[in-house]
Amino acid sequence: MTNFVEELRWRGMLHDIMPNTEEKLNEGMTSGYIGFDPTADSLHVGHLTQIMTLIHFQNAGHKPFALVGGATGMVGDPSGKSDERNLQTPEMIEHNLKGMKKQLAKFLKFEDGGNGAVMVNNADWFKDMNLFTFIRDVGKHITVNYMMAKDSVKRRLEGDSGLSFTEFCYQLIQGYDFYHLWKNENCLVQMGGSDQWGNIVTGTELIRRKDAGTAYAITTQLIKKADGTKFGKTESGAVWLDPEKTSPYKFYQFWLNASDDDVKKWIRIFTLKNKEEIEALEKEHDAAPHLRILQKALAEDITVKTHSIEALETAIKTSEFLFGNGSLEFLRGLSDKAVLDIFDGIPQYKILIEELGAGIDAASLLAEKSAIFPSKGEAKKTIQGGGVSVNKEKVAEMAQIFTADHLINDKFIVVQKGKKNYFLLIAE
């Protein structure tokens with residue numbers, strides 16, 4: 001066994017830890033869990049810190065439980081939030097759970113016996129519990145004074161939106177999750193982000209007051225970007241682990257675009273590279289920052305772990321195509337959706353395939369059939385300066401003819417103005 005807490009500590013992940021937790025973990029294999037709320041049918045990069053925590057927990061020889069909140073997902077956790085979430089139907093939650101389970105199985109070793117990971121759903125123990133049973137068996141052990149003292153509750157009570165009774169009960173429900181897993185699965189440790197400390201401690205307190213038992217708690221740092229913007233968000237929204245929501249190329253680019261300040265923290269948190277490997281990469285990076293060695297190492301590692309080596313290869317080829325001298329050929333092996341994902345956010349114009357059949361000259365294609373140039377005169381000037389490429393080949397003259405034979409996958413034409421300005425023509 002290895003020291004799990006020390007692993008979190010040197011990686012800069014550790015935030016709070018209950019007294020005697022490290023000593024207990026070092027005694028031998030221990031079961032512990034982290035909860036995931038099914039607010040969507042995919043996890044996103046904001047969940048990766050907790051996923052990595054479970055990976056380290058399992059690699060240290062302990063038994064990880066991943067709790068998916070089929071019940072708590074219907075309530076909503078006030079921790080770190082300024083408004084009450086929109087509650088979901090049981091059908092929506094069940095759909096979301098299936099997607100999350102599939103993704104978690106990519107990161108953890110789910111196998112019988114030993115320290116194989118286990119997935120549990122708190123709906124299984126809450127579905128038959130009525131209100132009076134919950135009040136009698138759980139509510140009487142935790143005072144309102146105790147619950148009101150939690151920072152997450154205080155912040156919401158002091159805010160404009162207030163706190164509903166539904167959300168106020170959340171810490172009792174999460175506390176009972178811990179009690180149930182402690183009682184039935186010998187789960188001694190709950191882990192989570194630092195915003196979960198109050199809820200986790202409520203669980204240890206319920207275990208102590210209800211059964212005079214002992215349980216433990218660990219929280220990890222919340223990830224913040226050096227520039228103050230929210231981690232895991234881009235201009236187009238959240239960065240999802242589902243390739244249908246965020247393409248592997250965009251996922252790869254998210255990590256590749258990390259700042260030098262952020263990447264030195266993130267490579268410790270989001271990869272399994274050891275201290276010596278990371279320090280060697282940092283030395284190389286500092287000697288030639290423009291090569292972005294740390295960013296590439298991080299992006300490659302997490303893209304393979306989340307998707308596949310094939311997805312990484314496509315992401316790299318896409319980057320080479322858009323930002324270097326990569327070949328057009330790899331586009332021919334992609335689906336229409338994959339091509340559109342690559343050019344998401346890039347100006348797109350639709351052209352009639354019948355017109356391409358008859359042939360369209362370059363000036364008309366670029367300034368009339370599309371609005372890449374405001375006029376034929378502007379197009380001519382740029383073409384004469386060697387600044388326009390179609391399908392990665394320089395346009396030699398305004399009269400050059402383009403036909404359906406130029407279509408990639410019988411559908412697309414890629415236009416490049418200068419080095420970095422791309423446009424996609426879509427034939428219909």
Side-chain angles (χ1 to χ4, degrees), residues 33-54 64-108 119-127 150 152-153 155-156 159 161-178 181 190-200 202-203 219-220 222-224 229-234 236-246 250-251 254 306:
Y33 86 97
I34 292 177
F36 299 88
D37 271 346
T39 52
D41 59 2
S42 171
L43 298 167
H44 52 71
V45 297
H47 292 107
L48 278 174
T49 305
Q50 300 315 317
I51 292 173
M52 295 304 298
T53 300
L54 286 179
F65 281 71
L67 182 149
V68 288
T72 40
M74 298 180 69
V75 178
D77 180 6
S79 299
K81 298 176 179 65
S82 58
D83 294 299
E84 185 165 355
R85 75 162 61 144
N86 295 322
L87 302 185
Q88 301 183 83
T89 65
E91 292 76 20
M92 290 166 64
I93 288 173
E94 185 59 31
H95 170 74
N96 292 346
L97 289 178
K98 289 178 181 176
M100 292 172 62
K101 286 177 181 178
K102 184 178 177 182
Q103 289 174 343
L104 287 171
K106 283 188 169 186
F107 295 92
L108 298 168
M119 195 170 293
V120 291
N121 182 352
N122 60 10
D124 291 340
W125 52 86
F126 276 117
K127 63 185 178 184
K150 300 300 182 187
S152 59
V153 173
R155 283 194 297 271
R156 286 291 294 276
S161 61
L163 180 69
S164 70
F165 181 72
T166 302
E167 287 188 308
F168 183 61
C169 290
Y170 188 94
Q171 64 173 291
L172 285 183
I173 297 171
Q174 186 172 326
Y176 185 77
D177 282 342
F178 199 177
L181 291 174
Q190 185 181 170
M191 298 160 281
S194 60
D195 60 335
Q196 292 296 309
W197 181 256
N199 291 336
I200 295 172
T202 296
T219 59
T220 53
L222 295 181
I223 308 301
K224 296 177 182 177
T229 58
K230 190 170 182 179
F231 170 76
K233 295 281 187 179
T234 65
S236 57
V239 180
W240 300 94
L241 306 192
D242 183 345
E244 294 298 315
K245 293 180 179 291
T246 298
K250 288 184 183 175
F251 186 84
F254 170 78
T306 305

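Bear in mind the structure is a predicted one, so any value in this text is a computation, not a measurement. Excluded from the calculations below are hydrogen atoms, water molecules and symmetry mates; all remaining heavy atoms, backbone and side chain alike, are included. Residue indices begin at 1 and follow the sequence shown.
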Heavy-atom pair with the smallest gap, counting every atom of [X] and [Y]:
X    : Y    : value
A123 : G70  : CB-C, 4.0 Å
D242 : Q103 : N-NE2, 3.3 Å
L54  : A66  : CD1-CB, 4.3 Å
N96  : T39  : ND2-C, 3.6 Å
G193 : L222 : CA-CD2, 4.2 Å

Checking [X] now: which residues fulfil side-chain contact (heavy atoms from CB on, under 4.5 Å) with it, not counting sequence neighbours?
X    : value
D177 : Y33, L67, T72, N122, W125, F126
K101 : V68, M119
H47  : F36, L43, H44, I51

Any side-chain heavy atom of [X] sitting closer than 4.5 Å to one from [Y]?
X    : Y    : result
K250 : V239 : no
N199 : Y170 : yes
K98  : D41  : no

(Q) Tell me which one of Q171, Q174, Q190 satisfies side-chain hydrogen bond (donor to acceptor under 3.5 Å, both in side chains) with Q196. (A)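 When Q171, Q174, Q190 are each tested with Q196, the side-chain hydrogen bond (donor to acceptor under 3.5 Å, both in side chains) holds only for Q174.
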Q: Please lay out, stage by stage, how V45 and F251 fare under the test side chain to side chain contact (heavy atoms under 4.5 Å, CB included).
A: CA-CA 9 Å; V45 297; F251 186 84; 3.6 Å; yes
Q. Is it true that a side-chain atom of T246 and a backbone atom of W240 form a donor plus acceptor pair closer than 3.5 Å?
A.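 Yes; at least one donor-acceptor contact below 3.5 Å.
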Q) Checking side chain to side chain contact (heavy atoms under 4.5 Å, CB included) for the pair F107/T306: CA distance, chi angles, key distance, verdict? A) CA-CA 8 Å; F107 295 92; T306 305; 3.7 Å; yes
Q | Nearest-0.5 Å distance, CD1 of residue I34 to OG1 of residue T220 | A |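 Separation between the atoms: 7.0 Å.
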(Q) Using 0.5 Å steps for rounding, measure from the CE atom of M100 to the CG atom of D37. (A)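 Result: 7.5 Å between the selected atoms.
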